[in-house]
Amino acid sequence: MKSNIITAKSLRAMGFPESPVIPVVLEAVKKHLKHTASADIEAQLKALLQAPENFYNDSVFATAAQKLKPPVEDTTTGGDISLNSTGISFAIYGASGIEAGAMHQMYTAAKLPVAVAGALMPDAHQGYGLPIGGVLATNNAVIPYGVGVDIGCRMCLSIFDIVPTELVQRENFFTRELLEATLFGSGAQFKQPANHAVMDSDVFDALPLLKSLKDRAWRQLGSSGSGNHFAEFGAVHIVDADTLPGVPAGTYIGLLTHSGSRALGANIAAHYTKLAKQLRRLPGDAANLAWLTLDEEAGAEYWMAMNLAGDYASACHHIIHAKVARQLGRRPLTMIENHHNFAWKETWNGQEVIVHRKGATPAAAGVLGIIPGSMTAPGYIVKGRGEMASVNSASHGAGRLMSRSKAMQNITHEAMKAELKKHGVKLLGGGLDEAPFAYKDIQAVMQEQTSLVDIIGSFQPKIVQMCGDAQRGWRRGPREKWHNDFVEGE
DNA sequence: ATGTGC
């Protein structure tokens, strides 16, 4: 005797999706509902189809209900993911000076299902995934390209109790010390690397990727890289007498450095963004915003590796600053430093979130940071105001006005030389793509963020070192072993 | 930003 009339064909007609749902439903019916009337079964199947969530613990249809669960609802598992149709709202500082591409990237990021809060800083420009100058808070998700390629890129300032006129009077001495304490160049490595506790971290041994990167990381420890990275002496003016303990208002010599985590961070970023993109395919422009959750293996690994790269970047600065302090025969009165490419666990609006700052300075209430200008324009020592709308963030610089290629085409060496002379700046290395004209007016950018930070002092560059033409691999033949030419000899 | 290959 035929017990009922439920077949694959009838299930299809009711609207059940093909494999694996139909076979699972058929099996459940055959196993558990052999003697149930067809009409009753049909009623149950309709209810199942309409609201599978009511059957997740059902004795008959639990498995079928799980298979019916729409995959897009679960943003923490692999596969294709849709953007929300409406993004979270976010504050934009200095909107009139921000290029359309950066705006568009931020609007895309705002539509991520994991997005909680965001903001766009006044120095924003187009990047890869999240724009440079983009801040994004997410729920339990870390976006490798929301941190950026140069993980832990940061500023570090030492303030020495020396009158800044010495930078002019003893220019050759300070120039020599700067050259001796630093190593610039893409791929540059020390022949006799420094030692630092960061290299003893057992995290290097926890992951095969980090193990493979450890030796080069050691050889690059204390180096600065290329691009917009620099090491410079300048005149520090402290205007706020109350903020820095042991540093009264007045003028000092400062050593300011800007660099990141070299090949270590770049390779961590490349590895985990690739993994994230495999795990979570996002549509169109959002593809580079693929994330990892903190409770999955890859996400936990990235978090660990990112923090190591942050510690490593910090160590690189400290090595430079220690070399200089030793040569000056002085301890700095104070040091100020901050990452501006990183992700932090923070509380925002009462919720624990992951805050990505990709080219943005942490600016929670009372937090100190450094916002550089250009090689001739002043940078600023700032204290955060804890503005919620900016997700406790501020800009990380003036922001580019011209792309590198545009700067190379439009700026002449003569104009650059004249500008350096006008500001009394001595430049070591550096290219036209880093010329002051390629950057926005830092004073105007600071005006856009008066609600985000208070200025407690400034830094006027005097002797600036950047990566020179000779250290730029891309200027040479592609197959040339360029890095051997400028490895430091110590 | 890095320094090697989609």
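Residue numbers start from 1 in every chain, and the chains themselves are labelled A, B, ... in the order their sequence lines are given, proteins ahead of strands. Keep in mind that the numbers below use all heavy atoms, side chains included, and drop hydrogens, waters and symmetry copies.
Here B:dT2 presents its C1' atom at 18 Å from OH of A:Y272, a figure rounded to the nearest Å. To the nearest angstrom, C1' of B:dA1 lies 15 Å from CZ of A:F230. With rounding to whole Å, A:M155 atom CE is found 13 Å from B:dA1 atom P. The distance from atom CG of A:N267 to atom C1' of B:dG5 is 13 Å, rounded to the nearest whole Å. Here the P atom of nucleotide B:dA1 and the NE2 atom of A:H396 are 8 Å apart, to the nearest Å. Between the C1' atom of B:dA1 and the OH atom of A:Y128 lies a distance of 13 Å, rounded to the nearest Å. If you measure from atom CZ of A:F342 to atom P of B:dA1, you get 18 Å, rounded to the nearest angstrom. At whole-Å resolution of the value, CG in A:L264 and C1' in B:dT2 are 12 Å apart.
Residue contacts shown for A:G225 are limited to sugar-phosphate atoms, with no base heavy atom under 4.0 Å away.
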Stepwise salt bridge (Lys or Arg N to Asp or Glu O under 4.0 Å) check, A:E346 with A:R357:
CA-CA 12 Å; A:E346 292 178 13; A:R357 294 189 181 86; 2.9 Å; yes
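With sequence neighbours left out, the ring-ring contact (aromatic ring centres under 6.0 Å, His included) criterion links A:Y439 to no other residue. For the side-chain contact (heavy atoms from CB on, under 4.5 Å) test, residues two or more places apart in sequence or in another chain that qualify with A:A231 are A:L178, A:T182, A:F184, A:T257.
Proximity of A:R216 to the phosphate of B:dT2: no side-chain N or O atom is located under 4.0 Å from OP1 or OP2. A sub-4.0 Å separation between OP1 or OP2 of B:dA1 and a side-chain N or O of A:S261 is absent.
With respect to the salt-bridge test (charged N to carboxylate O, under 4.0 angstrom), the residues A:R400 and A:E434 qualify.
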